[in-house]
Amino acid sequence: MTRFVLTRLAQSLVALAILSVVVFVLARATGDPLHLILPMSATEEDYANARRYLGLDRSYPEQYVTFVARAVTGDFGTSLRARRPVSELIAARLPNSLKLGAFAMGVSLLLAFPLGVMAAVHKGTVVDRAAQVIAVLGQSLPTFWVAIVLIEVVAGRLQWLPAGGVDGITSYILPGFTLGWFVVAGMMRLLRSGMLEVLDSEYVKLARVKGVVEARVVWLHALKNALIPVVTFAGIYFSILVTTAIVVETVFAWPGLGRLAYEAITSRDFPVIQAVVLTTAAIVAVVNLSVDCVYGFIDPRIRYAR
C-alpha cells in the first residue's frame, strides 16, 4: 500500500510541476500588465523602473526559478493590482469557495440520491422519464444562463433570495443550486446505471426470494454496492466545484477563488493567476490522491495494478 500511495504522490507532483510551467508561460502570453497598471501619461523611464521594481526585467527562466522557489515555501509574491501578498488574497478567498462547494455538493447529494434510486427502481415509468429529463437539462443548460435566470426570477421579480454577495445562509442558495445542478444530473445518471446493474444481480434476487422487505433490498443491499463509482464522482466533482466556479462566482459576486481568478486575468496580475491555478491544481491532486487511496483500501487488487 505504501508503494501505491508514493507512486500516486509522485505522479501528482510531476503533474503540478508541468502545470507550473504551463501557467507561467500562458500568464505572460496575455500581454504586459504595466499597460493596465501605469497611467497613459507614463514615460518609457516609468515603464523601465516599474519592470525593475516588479522583477519583470529579468529573463523568463530567472523569473520562473524565483517563482517556483518561493511557491514551495508558500510565498507567491505580491499582487500587481492589489499590492498585497498573494497568499493573503488566497487565504481570504479560499474558505468562501470551500463553503460554497460544500453547500453545492450537499444539495447535489440530497437531490441525486433519491432521484437516481427511484429512477432505477421504477425503470420505464413516469418517474424514470422525469429523472432523465432533469439529467438532460442539468448537463445541457449553460451555467451562466441558469444563474442569470435565477437572479432575474427568484431574486429580481419574486425577491425571495439575495442576488449576490455573502450575507447569511440565504446567500448560498442560488449560487449553490446553480453549481450543483450539473452535478445532480451526472450523479443521478451514474447512480441509476449502477442501481440497475445491482438490482439485476443474483444476490439481490436471492434476497427477494428469501422475503427481505423491498425497501431494505433497495436502500441497503443494492445502494451500498452501487455507491463506489458515485463516491469517486462526488470526490472529483467536489474539487471541480471549488476550483472552476469562475462563472458562478462572478455572476453572483461571490468573493471566492473563481472571482479572484477572473479579476487577476482581466488585470494581467501574473502572481495571482499563477497562485490561483496552482492552488486549485493542488486541491484537485489531493482529492484525486485521496480517492485513489480509498480505492486501494476498498479493492486491494488496485494496489498491485500495473
Side-chain angles (χ1 to χ4, degrees), residues 99-158 160-164 169-200 204 214-215 217-252 254 258 287 291:
K99 292 176 184 177
L100 181 59
F103 182 86
M105 181 56 66
V107 171
S108 302
L109 293 175
L110 289 176
L111 294 177
F113 268 64
L115 288 174
V117 173
M118 296 305 293
V121 173
H122 301 284
K123 179 183 177 182
T125 64
V126 176
V127 175
D128 187 22
R129 287 194 290 270
Q132 292 183 28
V133 170
I134 294 175
V136 171
L137 291 177
Q139 294 187 317
S140 60
L141 295 179
T143 302
F144 71 88
W145 184 84
V146 175
I148 293 173
V149 170
L150 289 177
I151 291 176
E152 171 67 20
V153 178
V154 180
R157 298 182 182 181
L158 300 177
W160 287 349
L161 296 169
I169 188 64
T170 56
S171 302
Y172 287 79
I173 297 177
L174 292 185
F177 179 81
T178 305
L179 267 182
W181 179 243
F182 177 82
V183 181
V184 168
M187 194 178 302
M188 183 179 62
R189 294 181 64 178
L190 188 63
L191 185 57
R192 177 183 178 274
S193 300
M195 286 293 294
L196 287 175
E197 182 178 352
V198 174
L199 288 173
D200 288 335
V204 171
E214 183 66 16
V217 172
V218 172
W219 293 100
L220 182 60
H221 299 289
L223 181 59
K224 179 181 178 181
N225 290 277
L227 278 183
I228 293 180
V230 177
V231 169
T232 304
F233 183 91
I236 293 174
Y237 263 86
F238 174 73
S239 63
I240 294 176
L241 288 178
V242 174
T243 58
T244 61
I246 295 178
V247 173
V248 173
E249 290 188 0
T250 302
V251 172
F252 288 100
W254 189 268
V287 172
V291 170

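Positions are given from 1 along the sequence.
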Using distance only, find each side-chain donor-acceptor pair of residues 107-123 under 3.5 Å and give its atom names and separation, not counting sequence neighbours.
{"residue": "Ser108", "atom": "OG", "partner": "Ala104", "partner atom": "O", "Å": "2.7"}
{"residue": "Ser108", "atom": "OG", "partner": "Gly180", "partner atom": "O", "Å": "3.2"}

Legend entry - Plane angle bin for Tyr172 and Trp254 - parallel if under 30°, tilted between 30 and 60°, otherwise perpendicular: perpendicular
Legend entry - Minimum side-chain heavy-atom gap Thr250-Phe144 below 4.5 Å: no
Inset, instruction - Could you tell me the separation between the CD atom of Gln132 and the CE atom of Met188, rounded to the nearest 0.5 Å? - result: 8.5 Å
Inset, instruction - Start with the C-alpha gap between Phe103 and Leu179, add the side-chain angles, then the distance that decides, and say whether side chain to side chain contact (heavy atoms under 4.5 Å, CB included) holds. - result: CA-CA 9 Å; Phe103 182 86; Leu179 267 182; over 6 Å; no
Inset, instruction - Would you name the heavy atoms of Ala185 and Ile134 that are closest together and state the gap between them? - result: CB-O, 4.3 Å
Legend entry - Distance, nearest 0.5 Å, that separates CG of Leu161 from CD1 of Ile173: 4.5 Å
Inset, instruction - Indicate yes or no: at least one non-hydrogen side-chain atom of Trp181 is less than 4.5 angstrom from one of Leu137. - result: yes
Legend entry - Min side-chain heavy-atom separation Trp145-Thr178 under 4.5 Å: no
